[in-house]
Structures are given as C-alpha cells and as structure tokens.
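Below: one structure, written as structure tokens.
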There are 2 protein chains.
Amino acid sequence: MTTEVPASRSTPAGTPTLETVAALAGVSRSTVSRVINDSPKVTPEALAAVNKAIEELGYVPNRAARSLASRRTQAIALVIPENTARFFADPYFASVIQGAALRLAATDYTLTLLIASETDPEKSRRYLQSGNVDGALILSHHSDDRSYVALSRTLPVVFGGRPERHDDGPEPVYVDVDNTAAARDVVSLLVASGRRHIATIAGPTDMTAGLDRLEGWQSAMSDAGLPSHLVEHGDFTPASGAAAMERLLARGEPIDGLFAASAQMADGALSVLRQRGLVVPRDLGVVTFDDDYFAARATPPLTTVNQDEGEVGRTMAELLMRSIEGEDVPRVTIMPTRLINRRSQ
Amino acid sequence: MTTEVPASRSTPAGTPTLETVAALAGVSRSTVSRVINDSPKVTPEALAAVNKAIEELGYVPNRAARSLASRRTQAIALVIPENTARFFADPYFASVIQGAALRLAATDYTLTLLIASETDPEKSRRYLQSGNVDGALILSHHSDDRSYVALSRTLPVVFGGRPERHDDGPEPVYVDVDNTAAARDVVSLLVASGRRHIATIAGPTDMTAGLDRLEGWQSAMSDAGLPSHLVEHGDFTPASGAAAMERLLARGEPIDGLFAASAQMADGALSVLRQRGLVVPRDLGVVTFDDDYFAARATPPLTTVNQDEGEVGRTMAELLMRSIEGEDVPRVTIMPTRLINRRSQ
DNA sequence: CTGAAAGCGCTAACAG
DNA sequence: CTGTTAGCGCTTTCAG
C-alpha cells in the first residue's frame, strides 16, 4: 500500500526490526530511525504512529547494528585496577561506582567493566583504543600508569581523583576533592585539642590522594610548629593500617595524636591500639578521612572528612558524556568536603 | 593482482578493516575472517600471511560488525542489585566479581555492569532479553525477583548463590556453598564450648543464604537440645548487625553465644558488645560466616567459615561460557567450605 | 518533513 | 582449503 515491501522474508517472526515497525506504522525505515534517535523533524502524527508500533511490537533497537552504522558504541568503560576485590571493598570506590552507574543507567550508555591488568597494561589500552567504547572512566590511577593519561589524547576520558601529570602528556579531565586542604583542616582539630606528638598513617606514595593528604598533614604540623617525622605508609586497607600503627608504636616515641589517611586504615590502627590497651581519645586523639562505615562505626566513632562519593561518580559520568558529545568540559572539578567532628581527637 | 578491489575508497586510511588486511595478505576477506575466528581450515601459509598483515596493520576486528553478522555479542551482563555501594562493600561480592572478571578477562567476552533497578525491574529484563548480551551472571538474587529465574528460559544465566525456585520456573544454574551444613558446623563449635544460650543474627529472609544459615543454626541448636528463639535479622551489613545485637540484648535474656550470619554483621555486633563492656569470648562466644577482613581483624579475631569467593566467581563465568557455547552444564555446583577456628567461641 | 539508496565491517553458506 | 555472494539491522546523505 505505502511501501511495497519486496517479499522481504528477512524478518518473518523473529525479534521485530526497524523494518517491521516501519511497516506497521506505515512509514519508511528512515522515519522510524529518526523517532528512535529523537530527531526534531518528525510530524507529530508520524511520531505517534511509530511510537504506537514500537510499543505494540515491543521493539528494541539492535545495539550492534546501530553502533556499526553510527560508529558509536554507546558503551563506556569503567577502568579499575587489577585487585578488584580490594578495590571494591573500599567503600569510597564502591560509592563512586554506584554514583556513575546510576547516572548512566538513566541513559543509553552501557558500562563495561575493564580490569586493568598490571602485568599486561597494553591489553586494556588496546581495548580502549580500538573503538570498543566511546569513552572511559578511570579510577584509582597509580601515578606510574602514564598510559592512561596519554589515552586522553585519543579517547574521551575522565579520571576519578587527580592523576599525576606527565611532562608532555595531555591535560587530563578529573573530579576530585581538595585532599590537601581537607587533611590540613582535620589535623588542625587534633592540634587544637592540644596534641603535640601527632603521627600519620599516610596512603600509598603512588596515589595522589595519598600524597595530598600527607601534604595536608605536614602543612598543619608546620603551621603549628610541630615536627613531622612520625610517618608510616599504608595502602588504604585496614590491614595496612594495622601494620603501620605497629611500626609507629615500635618507634618508641611518644604519640598523642594520629591522622590516618583513610578510615579503613584508621580501623586497622584502632584494633592495634585496642590490643595495647590504649584508649581513644583519652590516650591519643585520632582523626581520619572518609565518612564511611569504618569511621562512623569505629570504637570510638571518628572525627573525619566527609565527601559525597556518589556525587563524584555522577559528575564523572556527566562530564564524560558531555565530552563524548564533543562538548568542552572543565579539566578540573573539585567537589566540596565537610568536617565531621565526633570528638575523637 | 589477486582480488580486484573495485576502486574501494571505503577505507582510505582510517582504522584498518578486514578488507585492508585481506588485500595486504593477498587473500580474500573470508580467509581473514577464518583466521580471526581461528577456523582450523586455513593453510599455514595463508595463516602466516594474514597474521603478518594483521600485525603490521595493528588490525583489531570491529566488535559491532562482528556481532551484527554473527548474532553474538561477546558480552556478558553482570547483574547486581540497585544498592551497588552496599553490595560492593561486601567483601564477599567483591571477591566473587573479581573472580568472574579475571576469568573473563582472559577471553573475548566483555563484562557489562547492569544495575537491576528495583523500581523498574522490567528495564533490566528488557535489556537482557533484547540480545544485548550472550548471557548473564546474577548476584544476590532476592527470592522475589522471579523474573530472573524465568530469564533462564531464554538466555544462558548463572546465579551466584541458590536462587529461590518457583513452581513452574525453569531449573536455574547456580554456584553456591552448603550454607546450611557450614552454619551448623560452626554453631556446633559454640555448643562444644559449653554455650547454652546461643543467639543468632540471621541474614535477610529474602535471600537463600540468609535462610540456609539460619536453618543451619536451628539444626545445630535442636541437635544439642537447645531452644532456638533468640533470632534477630539483619541485612548482612555491619550497621544492621549492630542494630540486631542491640535488639537481642534488649530482650533481657541471658546470652552466652552468638552466631552472626556474616562477618560484617558480626563486626557491627562486636562494636555494640564492646560498648556494653562485654568481652569475647569471656562473656560470650561469637562465631560467624565468611573469612574476610571483618572476621580476621575483629577484636578478637573470629572463628568462622571460609569459602573461596574468587573460585565461585571463576566457576560462574566458566559455566556461563560453556552454557553460551551450547554445552549442557550442571544445574548445581557446590563449592567447599572450611572451618577456621580462632577460639572466639 | 520524509523516502530511497548506499553502506558500516564482518560472518556465513555455498560453490569451486 | 578458499573465494563469492549475500546480508546482519541500523544510520545517513541526498533528493523530493
């Protein structure tokens, strides 16, 4: 009647295709395509007819075909480090991912989990470069993974946390909080409580969050005219926090204050202190970073820095999508933090 | 010379396509395709030539085109519940995911993170049904999500943990441990220590792991001729464990033993006990399930049930891939558990 | 605003 | 074993 479908036995009864919809709606495939991609130039009538047909047939566009024709994959990679279990177990990352995933769930983008193999970093790079995804969200970027920063040159990429810049590398887009300032502020609370022998369990030296928080601690110490040699490093896990605390105590120097760069490490440290019969905040004040379960439910609950991790993830997704769309996005987005005073200092 | 490429200005210099490779190798596109899909029927010479060309060009097959033509997506969905943050923060799930992800990383499959919206479960179902993925890995399946079990009828699906069967539903494929037996065994340790007033903080009633562990506790109790009315439920999170512990204590009955159905809940419970000045195991014995950080680093470290979560994930991935390949796979795979006695009972 | 035509890059019979 | 021939289902100029 309208379009002479030429004995097209191509789609007899299988899943409906764009063509099936077109036939039912009495329009051409192009029009259906326009509706799907909500092009503005479609008459209300056509639009209604098509939508009705789509509804009736329960039509869902085929991703592969779409992606092949449009040269966009509608997929975003979530690049996370190899030790996924440890990574996920950190409430910080879990929340960031949730934020990003929920934002993306409201769109047509798909989130592809990409484990960055440390033994074969080339593999991920190849995957990302080969048009498998439209962009990438990169979390917990060790500063020696320069290749990821370089990636920004050929693929829209957004980092969670400031990646380390490398001389000739491009300016990466990232979302972060002001770790240095927040750490300085929370340590100042310790100082204000009269603590004078303040140690820190710092994060890993190959992550900017760790370095920045350490810098914040140092800055607060020097502002107060206090020495800053009581430093031990952990890797943000509770176990590493416990080990660091033991090393700190083993030094035999007086300690009356502690800043752990993550609540998980603080938790590990507390278990050691408890074992030694040391009571917080009576014997020493403890403050930390991240307002998660570990900080809130510690014995005692800890004074800490709160940040909205979900919002970080949401923002990362948002920036990436805009960047994919060709928009110019800000290189740096700093999210706010808040001091949570639980009197553990 | 060999194949008269008809002025094909289709791929001038962009990313190399199968055709570019064919031309360079002096064979037809079919042969290149065969090599890519390592078909056995290719002469060593052709194979060498093609591989050389691929290497030289840095050719990477286009996923979308491949998927469109072959009607396979090479993608696997990882379906997880909406509250991703809480979910990830559970070391159990984090490890299972890591196991599955690492197994899949060694293959051509891609892992797509699918957040199962609880408000709109249809959305995930539609996505899964619409040929976006070749199969699905489903974690933490609440027993009322019948739709996922029904999915098994049309898509290869593997569950992590036994899903609740529904009358007319298909027999789902799943990987799990014997929660009931393991729980019974660990509770028996409590009984053997002379505990007589043993309470339990059970898991949620809509997850089989919770129900099975509760059943194990009950079974151990009745075997010992002890009453089993001291039950409070949590949702596997530390906070819920703390709340349940408080409810338990509020009952005012004597309690000299506790079985928390997850180490995270045990951790929450311990923080409450500590607050009340109760000492473990002096005042009461505590045992739990899962040998993660929470159990190992608790004060005191807890007697618990160990299972290899990574292996669970690996097995799930394995089964799913075989199932996608059309192979018949066992409906039920029970992984071993091990009792870890840390003398906290 | 809409339809027709021409592919996107690859796989899959089917002959040879 | 290899090449030829058709599409997979959708987007996208380009006319109209």
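So that the names make sense, note that chain A is the first sequence line, chain B the second, and so on, each numbered from 1.
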Between [N] atom [atom2] and [X] atom [atom1], what is the distance in whole Å?
X: A/Ile36; N: D/dC10; atom1: CD1; atom2: C1'; answer: 8 Å
X: A/Leu57; N: D/dG9; atom1: CG; atom2: P; answer: 14 Å
X: B/Asp38; N: C/dT11; atom1: CG; atom2: C1'; answer: 14 Å
X: A/Leu68; N: C/dC8; atom1: CG; atom2: P; answer: 9 Å
X: A/Glu19; N: C/dA5; atom1: CD; atom2: C1'; answer: 13 Å
X: B/Leu18; N: C/dT11; atom1: CG; atom2: P; answer: 6 Å
X: B/Arg71; N: D/dA6; atom1: CZ; atom2: C1'; answer: 13 Å
X: A/Asn37; N: D/dT12; atom1: CG; atom2: P; answer: 7 Å

Using a heavy-atom cut-off of 4.0 Å across all strands, would you classify [X] as base, sugar-phosphate, or nothing?
X: A/Ala46; value: sugar-phosphate
X: B/Thr43; value: sugar-phosphate
X: A/Val42; value: sugar-phosphate

**OP:** Using the closest heavy atom to pick a nucleotide of DNA chain D for each, name whichever of A/Arg29 or B/Arg29 lands nearer the 5' end.
**Re:** B/Arg29
Original post:
Judged by modelled atom types alone, do B/Thr154 and B/Gln129 share a side-chain donor-acceptor pair under 3.5 Å?
Top reply: yes
**OP:** Consider only side-chain N and O atoms of A/Thr17 and A/Tyr59, and report whether a donor and an acceptor are under 3.5 Å apart.
**Re:** no
Original post:
Salt bridge check: are A/Glu171 and A/Arg331 linked by an N-O gap of less than 4.0 Å?
Top reply: no
Original post:
Does a salt bridge link B/Arg314 with B/Glu311, judged by any charged N lying under 4.0 Å from a carboxylate O?
Top reply: yes
Would you say [N] has OP1 or OP2 under 4.0 Å from some side-chain N or O of [X]?
X: A/Asn62; N: D/dC8; answer: no
X: B/Ser28; N: D/dG3; answer: yes
X: B/Thr31; N: D/dG3; answer: yes
X: B/Ser33; N: C/dT11; answer: yes

Original post:
Can a donor-acceptor pair under 3.5 Å be found between the side-chain atoms of B/Arg34 and the base atoms of D/dG3?
Top reply: yes
Original post:
Would you say the side chain of A/Ser30 and the base of D/dT11 hold a donor-acceptor pair, judged only by whether the two atoms sit under 3.5 Å apart?
Top reply: no
Subject >> Sole residue of B/Glu19, B/Lys52, B/Glu56 in side-chain contact (heavy atoms from CB on, under 4.5 Å) with B/Leu24 >> reply: B/Glu56
